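A quick write-up on the structure given underneath.
Everything numeric here is computed off the predicted structure, so don't read it as measured data.
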Amino acid sequence: MNKDDVKTYLLDLQERICNQLQALEDGASFHEDRWARAEGGGGRSRVIAEGRVFEKGGVNFSHVHGSQLPPSATAARPELAGRNFEAMGVSLVIHPRNPHVPTSHANVRFFVAEKPGEEPVWWFGGGYDLTPYYPVADDCRHWHRVARAACEPFGADLYPRFKTWCDEYFYLPHRGETRGIGGLFFDDFNELSFPRSFAFMRAVGDSYTAAYLPIVEARAATPWGERERQFQLYRRGRYVEFNLVIDRGTHFGLQSGGRTESILMSLPPLARWEYNWHPQPGSAEDDLYQNYLKPREWL
């Protein structure tokens, strides 16, 4: 197990993703913010804002460590109690300006807990999911084709397992709807050898831009108006609800003393809520509710 190799890969992944996203802009660029954590470790946050394509986007690298995990972590995994831990990863959320371009999220991460005289406990996690406002079925199929291709070299069962896990994880039970059209989600992944598990995480991380950038390029020039903008802001409210109420990564970061600004960079710059709103039957907005905010097979 080589933790330095994982860190080197994650820093390079952040660099490559930022360069590819920035290439779609006309002048807007990522602002870098390096930070340190009093309890141990730190990170490198990069944020782009007010671009022609991306209204706000954040691509964050963090590497934190400490001698004690929060109770929420050791309650589910008692074998971690009394161990030093390290957690490192790249996490990103992109909020485009055009309502016809979906929001996207991705992350890949590595966790290890160690204790003298005992074998380390380690795993990888990550995935990506797509949140369209005015979805195009071909885009959804492309997104899932890329996700399946990333998984296939490591086992035919991985894509269907992690696709289902994604549908179940990115779900708002208080709304009775999924956050979007899913993708991949995996956690506590150590069922292969360390080199193969690491290779799988790399395959997922490397495939994100292949899944997302063609969709951005295809939809960024689609005309839109105030109706589409207001619906985009309304649906962004669901994104806020999920990230603050449900997301395990947000909870872990806040409870373990992480940097709040970096943890909450996933939130959109603007969102809105409206009491008891429902889309007009048969409208483009209703199409999202009827055909996309529920698990379905795309391939």
Side-chain angles (χ1 to χ4, degrees), residues 93-96 98-107 125-151 157-187 204 207-208 211-212 214-216 218-219 222 224 227-250 266-268 271-299:
V93 175
I94 306 299
H95 294 288
N98 189 324
H100 293 282
V101 182
T103 287
S104 71
H105 156 260
N107 78 87
Y128 43 70
D129 70 292
L130 193 70
T131 305
Y133 307 100
Y134 291 91
V136 176
D138 285 345
D139 294 346
C140 301
R141 285 189 282 268
H142 162 77
W143 179 262
H144 280 272
R145 280 197 296 267
V146 174
R148 181 178 63 182
C151 295
D157 67 313
L158 293 190
Y159 168 74
R161 278 172 52 198
F162 297 156
K163 186 268 184 193
T164 299
W165 199 351
C166 188
D167 289 336
E168 294 172 348
Y169 181 76
F170 291 104
Y171 181 77
L172 288 82
H174 59 285
R175 297 289 190 180
E177 61 191 38
T178 57
R179 187 167 83 171
I181 60 98
L184 299 172
F185 180 86
F186 64 99
D187 205 2
V204 172
S207 68
Y208 163 73
Y212 188 50
I215 299 173
V216 177
R219 308 298 160 204
T222 303
W224 57 278
R227 171 176 172 161
E228 290 83 4
R229 174 61 166 172
Q230 291 303 311
F231 184 63
Q232 177 196 49
L233 296 182
Y234 178 75
R235 291 300 309 173
R236 281 180 177 177
R238 297 290 204 269
Y239 215 89
V240 173
E241 290 176 20
F242 181 88
N243 282 26
L244 294 184
V245 176
I246 298 169
D247 186 61
R248 287 168 52 184
T250 301
S266 60
L267 300 181
R272 63 184 286 264
W273 284 262
E274 186 171 330
Y275 179 72
N276 203 28
W277 182 86
H278 299 283
Q280 180 180 351
S283 65
E285 294 79 12
D286 188 50
D287 181 44
L288 175 72
Y289 282 79
Q290 297 300 322
N291 298 309
Y292 294 88
L293 298 183
K294 57 188 72 175
R296 59 182 277 191
E297 295 303 320
W298 289 102
L299 303 178

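Rounded to the nearest 0.5 Å, atoms OH (Tyr171) and CD (Glu177) are 8.5 Å apart. The line from OH of Tyr292 to OG1 of Thr131 is 14.0 Å long, rounded to the nearest 0.5 Å. Taking CG from Leu158 and CG from Leu184, the interatomic distance works out to 9.5 Å, rounded to the nearest 0.5 Å. One distance of note links CZ of Arg175 with CZ of Arg238; it measures 3.5 Å at 0.5 Å rounding. Atoms CG and CZ, from Asp129 and Phe242 in turn, are 7.5 Å apart once rounded to the nearest 0.5 Å.
When all heavy atoms are compared, the tightest approach of Leu172 to Glu241 is CD2-OE1, 4.0 Å. Across all non-hydrogen atoms, the minimal contact from His100 to Tyr134 is ND1-CB, 3.6 Å. Scanning both residues, Pro214 and His142, for their nearest heavy atoms gives CG-NE2, 3.8 Å. Heavy-atom minimum distance, Asp167 versus Gly182: OD1-CA, 4.1 Å. Here the closest heavy-atom approach between residue Pro132 and residue Leu288 is recorded as O-CD1, 3.5 Å. Between Trp298 and Ile181, the shortest heavy-atom contact is NE1-O, 3.8 Å.
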Please step through side chain to side chain contact (heavy atoms under 4.5 Å, CB included) for the pair Tyr234 and Glu285, ending with a clear verdict.
CA-CA 11 Å; Tyr234 178 75; Glu285 294 79 12; over 6 Å; no
Quick one: do Leu299 and Tyr159 satisfy side chain to side chain contact (heavy atoms under 4.5 Å, CB included)? Show the steps, please.
CA-CA 11 Å; Leu299 303 178; Tyr159 168 74; 3.6 Å; yes
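Ring planes of Tyr128 and Tyr208: tilted class, angle from 30 to 60°. Classified by interplanar angle (parallel below 30°, tilted 30° to 60°, perpendicular above 60°), the ring pair Trp143/Tyr212 is perpendicular.
A centroid separation of 6.0 Å or more is found between the aromatic rings of Trp224 and Phe231.
Looking at Tyr169 and Phe186, their side chains never come closer than 4.5 Å, going by heavy atoms from C-beta outward. Side chains of Tyr133 and Glu228 form no contact here, defined as non-hydrogen atoms less than 4.5 Å apart. When side chains are defined from C-beta on, Lys163 counts as touching Glu297, because their heavy atoms get closer than 4.5 Å. Annotation: side chain of Pro135 is not in contact with side chain of Leu130 (no heavy-atom distance under 4.5 Å). In this structure the side chain of Gln230 never reaches within 4.5 angstrom of the side chain of Glu274, judged on heavy atoms. A heavy-atom distance below 4.5 Å is found between the side chains of Arg248 and Asp187.
When atom types are taken as modelled, the side chain of Gln232 and the backbone of Pro96 share a donor-acceptor pair closer than 3.5 angstrom.
Listed by chain and number, the residues in a salt bridge (charged side-chain N to carboxylate O under 4.0 Å, His left out) with Asp139 are Arg219 (sequence neighbours excluded). In this structure Ser266 satisfies the side chain to side chain donor-acceptor pair (under 3.5 Å) test together with Asn243, sequence neighbours excluded.
Stacking of Arg235 on the aromatic ring of Tyr239 is not recorded, the 6.0 Å distance cut-off and the 45° axial limit not both being met.
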